[in-house]
Asks: 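Just passing along the structure, written as structure tokens.
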Amino acid sequence: MRKLALLDGTIREFDEKATVYDIIGKISKSLQREAVGATLNGNILGMQDIPHEDGEFKVLKFDDKEGKQIFWHTSAHLMAFAIQRLFPDVKFAIGPSIDQGFYYDFDTPHRFTPEDLVKIEEEMSKLVKQGYEMERYEMDRDEAIEHFKGLDEKYKVDLIEHFPEGEVISFYKLGDFVDLCRGPHLKDVSKIKAVKLLSIAGAYWRGDENNEMLQRIYGITFPKKSELDAYLKMIEEAKLRDHRKIGKDLDLFSFHEEGPGFPFYHPNGMIVRNELLNWWRGVLLEKGYGEILTPIILNEDLWHRSGHWDHYKENMYFTKIDDGDYAVKPMNCPGSTIVYKTNMHSYKEFPLRYAEFGLVHRHELSGALHGLFRVRSFTQDDAHVYCLPEQIEGEVFKMIDLADYLYSTFGFKYTLELSTRPTDYMGDLETWEYAESALKAALEKRNMPYKINPGDGAFYGPKIDFHLQDAIGRDWQCGTIQLDMQMPINFDLTYVDANNERKRPVMLHRAMFGSIERFLGILIEHFAGKFPLWMAPVQVEIIPVSEKTNKYANEVYEELKKAGFRVDLDLRNEQMGAKIRDAQLKKINYMLILGEKESENKNISVRTRNNINKNGIELAEFIADLKCEIEEKRI
């Protein structure tokens with residue numbers, strides 16, 4: 001019998017041959033109707049899967065992140081089945097779930113069109129009504145290769161030929177469509193009630209531009225039409241908030257062919273960036289961080305020692321200097337260890353906190369580049385804390401508090417994930433188990449709810465990831481806290497303990513913004529370009545009603561400049577309505593409308609970008625209010 005611990009704390013026994021679907025049915029028939037799968041000890045299982053070990057069993061619904069993965073993975077098969085029916089000559093590549101829906105890559109001389117997407121949606125809906133089940137079965141390697149060769153499915157053959165020897169090769173059959181797949185999946189497609197195919201794109205097989213160009217269709221599905229409607233409404237809102245468009249409209253940054261994936265900051269963008277960094281530098285100084293800066297290019301030997309050569313080489317850039325091999329840094333941590341090693345350290349110095357706003361470069365495929373969200377060069381708000389093992393918990397607590405202060409400043413809600421040991425890891429299992437237990441204990445002691453994200457840790461250690469929720473409900477993976485027991489070994493980092501013996505410190509990595517670029521992109525979309533006053537490129541726009549009030553407008557302008565505000569004076573020969581409209585398009589926080597009445601009374605009329613008007617305000621009172629708004633970081 002299989003012993004499974006349920007969420008309510010009870011332990012139930014089930015037959016060892018029972019599937020997830022059978023097990024959930026034994027727990028509750030009503031729960032079985034809502035369930036899409038389960039997790040066992042953090043690993044995702046589809047409804048056809050049979051648990052092969054005892055442990056913690058959690059039933060998944062669509063609302064769960066893992067539940068959406070199962071739902072959308074099955075939807076990718078459903079779309080492929082529909083396409084096989086409508087376009088029989090198509091060859092199939094891969095079709096995974098992604099953060100928002102799924103895609104499938106196809107090889108066909110037919111060029112898919114938006115009209116085709118409508119036909120495919122209709123066919124998918126027909127198949128849903130027929131309630132096809134997902135049937136799982138296995139083949140041995142040679143049989144599987146021959147099966148797909150017989151179907152002339154070269155991409156499936158290529159996948160199987162690259163599988164490790166002895167790996168179980170599983171298939172899922174949906175009606176007439178058979179696909180090579182590990183799962184996990186729904187029991188059948190009847191729960192997929194709402195379908196929307198979103199776009200068509202090109203994609204190279206295996207992401208290699210030397211391979212065939214395939215056609216990729218993106219889609220999303222939901223168990224209810226109302227959920228699809230809400231999603232499509234959010235997508236329309238997201239288009240209005242697109243940071244690339246707002247970045248261009250507000251003249252913040254740009255991208256160019258001369259440096260694809262490398263952002264060019266404009267003066268307005270630098271104001272926003274510098275205000276953010278200057279504030280954060282002050283916060284870190286108060287929290288006991290010293291700031292360092294390390295070189296962008298370091299020799300190859302360093303990257304062998306750090307482990308990046310074996311675990312991250314394909315994401316790095318390389319160069320030669322004086323006939324020596326060098327790499328452009330993809331991460332800041334090795335440079336921090338070099339700074340640490342320049343001096344002998346005592347346990348009395350710990351925790352030792354180094355902050356670094358370090359520019360890093362990572363090779364991203366051109367098709368993956370996306371504004372500030374996915375770039376090839378970016379600045380991390382990195383910090384590396386060297387401490388004693390008994391100080392880990394306290395430092396993690398401080399980092400969580402720091403993250404909470406940062407995100408609450410901008411009005412973000414957030415959730416936490418604990419990402420555990422990946423398959424491509426460095427070090428030994430015992431050290432990893434210690435590190436994972438330490439982070440888990442810190443979260444639980446602080447009563448911080450979290451989810452396990454199995455296998456998504458860094459190659460050198462487990463991590464706590466912060467997921468922000470923005471103004472329209474989207475989820476963004478942002479900050480991270482990483483516990484590293486490996487680099488202190490690799491770089492032979494030591495300190496002198498109370499007995500005058502050499503010991504190994506623990507290294508904590510943390511980045512609260514994640515990267516400055518990504519965080520700025522998130523902020524632009526979160527605020528729809530309407531920055532809080534303290535960050536705004538232009539805080540006040542002065543609009544004289546006519547030439548008669550230009551002199552007074554200049555006086556007000558000088559007073560505001562002297563008070564330290566970023567202010568523009570619009571003396572163009574334009575109608576006042578046009579000037580106000582332009583200021584609103586530039587999302588300027590405050591407009592001062594100065595007519596003859598204001599000039600005579602030596603006061604101002606204030607209009608906010610949200611069309612709130614106040615007349616007859618004393619300039620000194622307005623300045624005091626602005627200073628208070630900035631000081632309090634109001635949003």
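No hydrogens, no waters, no symmetry mates; every other heavy atom, side chains included, goes into these values.
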Asks: Report yes or no: is the cationic atom of K68 (NZ for Lys, CZ for Arg) under 6.0 Å from the centre of the six-membered ring of F62, at an angle within 45° of the ring normal?
Replies: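 Yes, K68 and F62 form such a contact.
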Asks: Testing the basics here: between P334 and L302, what is the closest heavy-atom pair and its distance to 0.1 Å?
Replies: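 For P334 and L302, the tightest heavy-atom pair comes out as CB-CD2, 3.7 Å.
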Asks: Which atom names give the shortest non-hydrogen contact between A93 and L214, and what distance separates them?
Replies: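 Between these two residues, the closest heavy atoms are CB-CD1, 3.7 Å.
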Asks: Are Y172 and F177 an aromatic pair by the rule of ring centers under 6.0 Å?
Replies: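 Aromatic pair excluded; centres sit 6.0 Å or further apart.
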Asks: To the nearest 0.5 Å, what is the distance between CD1 (I524) and CG (L372)?
Replies: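 These two atoms lie 6.0 Å from each other.
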Asks: Would the distance check show the side chain of R374 and the main-chain N or O of L369 forming a donor-acceptor pair, the cut-off being under 3.5 Å?
Replies: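 No; zero donor-acceptor contacts below 3.5 Å.
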Asks: Please round to the nearest 0.5 Å and tell me the distance separating atom CD1 of I635 and atom OG1 of T409.
Replies: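 Going from the CD1 atom of I635 to the OG1 atom of T409 covers 8.5 Å.
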Asks: Could you tell me whether D229 and K225 have a side-chain N and a carboxylate O separated by less than 4.0 Å?
Replies: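 Looking at D229 and K225, the cut-off is met.
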Asks: Verify salt bridge (Lys or Arg N to Asp or Glu O under 4.0 Å) between K61 and D63, making sure each step is shown before the conclusion.
Replies: CA-CA 5 Å; K61 299 179 182 179; D63 290 341; over 6 Å; no
Asks: Taking only residues two or more places apart in sequence or in another chain, which ones pass side-chain hydrogen bond (donor to acceptor under 3.5 Å, both in side chains) with T337?
Replies: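 Not a single residue meets the side-chain hydrogen bond (donor to acceptor under 3.5 Å, both in side chains) criterion with T337.
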Asks: Taking C-beta and beyond as the side chain, do T415 and Y450 meet within less than 4.5 Å on heavy atoms?
Replies: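 SC-SC contact between T415 and Y450 ruled out.
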Asks: Does the side chain of M134 reach to within under 4.5 Å of the side chain of T74, using non-hydrogen atoms?
Replies: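 Yes - at least one pair of side-chain heavy atoms lies under 4.5 Å apart.
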Asks: Quick test of your reading of the model: are E314 and R362 salt-bridged, counting only N-O distances below 4.0 Å?
Replies: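 No.
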Asks: Please lay out, stage by stage, how M79 and Y103 fare under the test side-chain contact (heavy atoms from CB on, under 4.5 Å).
Replies: CA-CA 9 Å; M79 180 175 71; Y103 69 78; 5.8 Å; no
Asks: Counting C-beta onward and ignoring hydrogens, is there a side-chain heavy-atom pair between L468 and Y407 closer than 4.5 Å?
Replies: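 Side chain of L468 against side chain of Y407, heavy atoms only: contact under 4.5 Å found.
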Asks: Are any side-chain N or O atoms of Q215 and backbone N or O atoms of F112, one a donor and one an acceptor, separated by less than 3.5 Å?
Replies: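 Checking the backbone N and O of F112 against the side chain of Q215, a donor-acceptor pair under 3.5 Å is found.
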Asks: For I516 and F378, run side-chain contact (heavy atoms from CB on, under 4.5 Å): C-alpha distance rounded to whole Å, both residues' side-chain angles, the deciding distance at 0.1 Å, then the answer.
Replies: CA-CA 7 Å; I516 304 303; F378 54 93; over 6 Å; no
Asks: Any side chain to side chain donor-acceptor pair (under 3.5 Å) pairs touching residues 463-473, not counting sequence neighbours?
Replies: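 Side chain to side chain donor-acceptor pair (under 3.5 Å) check on residues 463-473 returns E417-H467, S419-D465, K463-D465, D465-Q477, D465-T480, H467-D475, D470-R474, D470-W476.
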Asks: Check whether any side-chain N or O of W303 sits under 3.5 Å from a backbone N or O of L298 as a donor-acceptor pair, and report yes or no.
Replies: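 It does hold such a pair.
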Asks: Is a side-chain N or O of W72 found less than 3.5 angstrom from the main chain of T221, in a donor-acceptor match?
Replies: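 Side chain of W72 to backbone of T221, a donor-acceptor pair under 3.5 Å: yes, one is there.
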Asks: So, the side chain of D64 versus the backbone of E66: is there a donor-acceptor pair under 3.5 Å, distance only?
Replies: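 Such a contact is absent between D64 side chain and E66 backbone.
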Asks: How close do M124 and A82 get, counting heavy atoms only, and between which atoms?
Replies: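 Result for this residue pair: CG-CB, 3.7 Å.
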Asks: Applying ring pair (Phe, Tyr, Trp, His ring centres under 6.0 Å) between Y155 and each of F92, W205, Y104, report the one that passes.
Replies: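 For Y155, the ring pair (Phe, Tyr, Trp, His ring centres under 6.0 Å) check succeeds only for W205.
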Asks: Aromatic contact between H256 and F264, with the criterion being ring centroids under 6.0 Å apart: yes or no?
Replies: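 Under 6.0 Å, so yes.
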Asks: Of the non-hydrogen atoms in M485 and A435, which two are nearest, and what is the gap between them?
Replies: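 Looking at all heavy atoms of both residues, the closest pair is CG-CB, 4.1 Å.
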Asks: Can you say whether the rings of H77 and H185 are parallel (under 30°), tilted (30 to 60°) or perpendicular (over 60°)?
Replies: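 Ring orientation, 0 to 90° scale: perpendicular.
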Asks: Has the side chain of N278 got a donor or acceptor atom that lies under 3.5 Å from a matching backbone atom of N274?
Replies: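 It does hold such a pair.
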Asks: Would a line drawn from the ring center of F87 to the ring center of H110 be shorter than 6.0 Å?
Replies: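 Under 6.0 Å, so yes.
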Asks: Quick check: H308 with F459 (ring centres under 6.0 Å apart)?
Replies: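 F459 vs H308: aromatic centres under 6.0 Å.
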Asks: When you measure from the side chain of R141 to the backbone of F163, do you find a donor-acceptor pair of N or O atoms at a distance under 3.5 Å?
Replies: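 Yes.
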Asks: Is the shortest side-chain N to carboxylate O distance from E115 to K119 below 4.0 Å?
Replies: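 Looking at K119 together with E115, the answer is no, because their closest N to O distance does not fall below 4.0 Å.
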Asks: Using a 4.5 Å cut-off on heavy atoms from C-beta on, say whether the side chain of E212 contacts that of K154.
Replies: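 The answer is yes; the side chains approach within 4.5 Å.
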Asks: How long is the gap from CE on M512 to CG on D382, to the nearest 0.5 Å?
Replies: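 Between atom CE of M512 and atom CG of D382 there are 10.0 Å.
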Asks: Between the side chain of T113 and the main-chain N/O of D116, is any donor-acceptor distance below 3.5 Å?
Replies: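 Yes; judged by distance alone, with no hydrogens or angles, the pair exists.
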Asks: Below 6.0 angstrom between ring centroids: does that apply to W432 and Y460?
Replies: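 That pair fails the under 6.0 Å test.
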Asks: Given K440 and E436, is the salt bridge (Lys or Arg N to Asp or Glu O under 4.0 Å) satisfied, shown in steps?
Replies: CA-CA 6 Å; K440 192 177 293 186; E436 288 177 4; over 6 Å; no
Asks: CG of L418 to CG of L483: how many Å apart, nearest 0.5 Å?
Replies: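 One finds 10.5 Å between CG of L418 and CG of L483.
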Asks: Counting distance only, does the side-chain N/O of H526 pair as donor-acceptor with the main-chain N or O of F410 below 3.5 Å?
Replies: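 Yes, because the side chain of H526 sits within donor-acceptor range (under 3.5 Å) of the backbone of F410.
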Asks: So, for F373 and H243, is the gap between ring centers shorter than 6.0 Å?
Replies: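 That pair passes the under 6.0 Å test.
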Asks: Whether E300 and K329 form a salt bridge (side-chain N of Lys/Arg under 4.0 Å from carboxylate O of Asp/Glu) is what I want to check.
Replies: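 Salt bridge between K329 and E300, a charged N being under 4.0 Å from a carboxylate O: no.
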Asks: Apply salt bridge (Lys or Arg N to Asp or Glu O under 4.0 Å) to residues E236 and K239 and explain how you reach the verdict.
Replies: CA-CA 5 Å; E236 288 305 309; K239 288 178 183 176; 3.2 Å; yes
Asks: Pick out which of R216, K91, R206, K156 makes a salt bridge (Lys or Arg N to Asp or Glu O under 4.0 Å) with D105.
Replies: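 In the set R216, K91, R206, K156, the residue that makes a salt bridge (Lys or Arg N to Asp or Glu O under 4.0 Å) with D105 is R216.
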Asks: Could you tell me how the ring of Y317 sits relative to the ring of F262: parallel (under 30°), tilted (30 to 60°) or perpendicular (over 60°)?
Replies: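 Geometry flag for F262 against Y317: tilted rings.
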Asks: With heavy-atom distances below 4.5 Å as the criterion, would you say the side chains of F102 and P96 are in contact?
Replies: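 No; the side chains remain at least 4.5 Å from each other.
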Asks: Work out which heavy atom in Y326 is nearest to a heavy atom in G324; give both atom names and the distance.
Replies: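 Between these two residues, the closest heavy atoms are CD1-O, 3.4 Å.
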Asks: How close do C181 and H73 get, heavy atom to heavy atom, and via which atoms?
Replies: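 For C181 versus H73, the nearest heavy atoms are SG-NE2, 3.2 Å.
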Asks: How about NZ on K196, more than 12 heavy atoms from neighbouring residues, nucleotides or ligands closer than 6.0 Å, or not?
Replies: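 No, because the 6.0 Å sphere around NZ of K196 holds 12 heavy atoms or fewer from other groups.
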Asks: Is there a side-chain contact between R244 and H370 in this structure, where contact means two heavy atoms from C-beta onward sitting under 4.5 Å apart?
Replies: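 The answer is yes; the side chains approach within 4.5 Å.
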Asks: Examine distances only and state if a side-chain atom of E123 and a backbone atom of I83 form a donor-acceptor pair shorter than 3.5 Å.
Replies: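 No, the answer is negative, given that no donor and acceptor are paired below the 3.5 Å cut-off.
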Asks: With a 4.5 Å cut-off on side-chain heavy atoms, are L402 and L284 touching?
Replies: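 Touching, per the 4.5 Å side-chain cut-off.
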Asks: Is it true that N43 and N41 share a donor-acceptor pair across their side chains at a distance under 3.5 Å?
Replies: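 No, no side-chain donor-acceptor pair sits under 3.5 Å.
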Asks: For the residue pair E356 / T294, report whether a side-chain donor-acceptor contact shorter than 3.5 Å exists.
Replies: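 Checked: T294/E356 side chains pair up, N/O donor to acceptor below 3.5 Å.
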Asks: Do F222 and Y231 have their ring centres less than 6.0 Å from each other?
Replies: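 Yes, ring centres under 6.0 Å apart.
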Asks: Would R111 count as a cation-pi partner of F106, with NZ or CZ less than 6.0 Å from the six-membered ring centre and within 45° of the ring normal?
Replies: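 No, R111 and F106 do not form such a contact.
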Asks: Would you sort out whether E517 and R273 count as a salt bridge (Lys or Arg N to Asp or Glu O under 4.0 Å), showing the intermediate values?
Replies: CA-CA 9 Å; E517 282 66 23; R273 179 187 171 95; 2.9 Å; yes
Asks: Please tell me if the side chains of T108 and D89 come closer than 4.5 Å, counting only heavy atoms from C-beta onward.
Replies: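 A side-chain contact is absent here, since even the closest heavy-atom pair is not under 4.5 Å.
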Asks: Working to the nearest 0.5 Å, report the span between CG of L416 and CG of N453.
Replies: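 The CG atom of N453 is 12.0 Å from CG of L416, to the nearest 0.5 Å.
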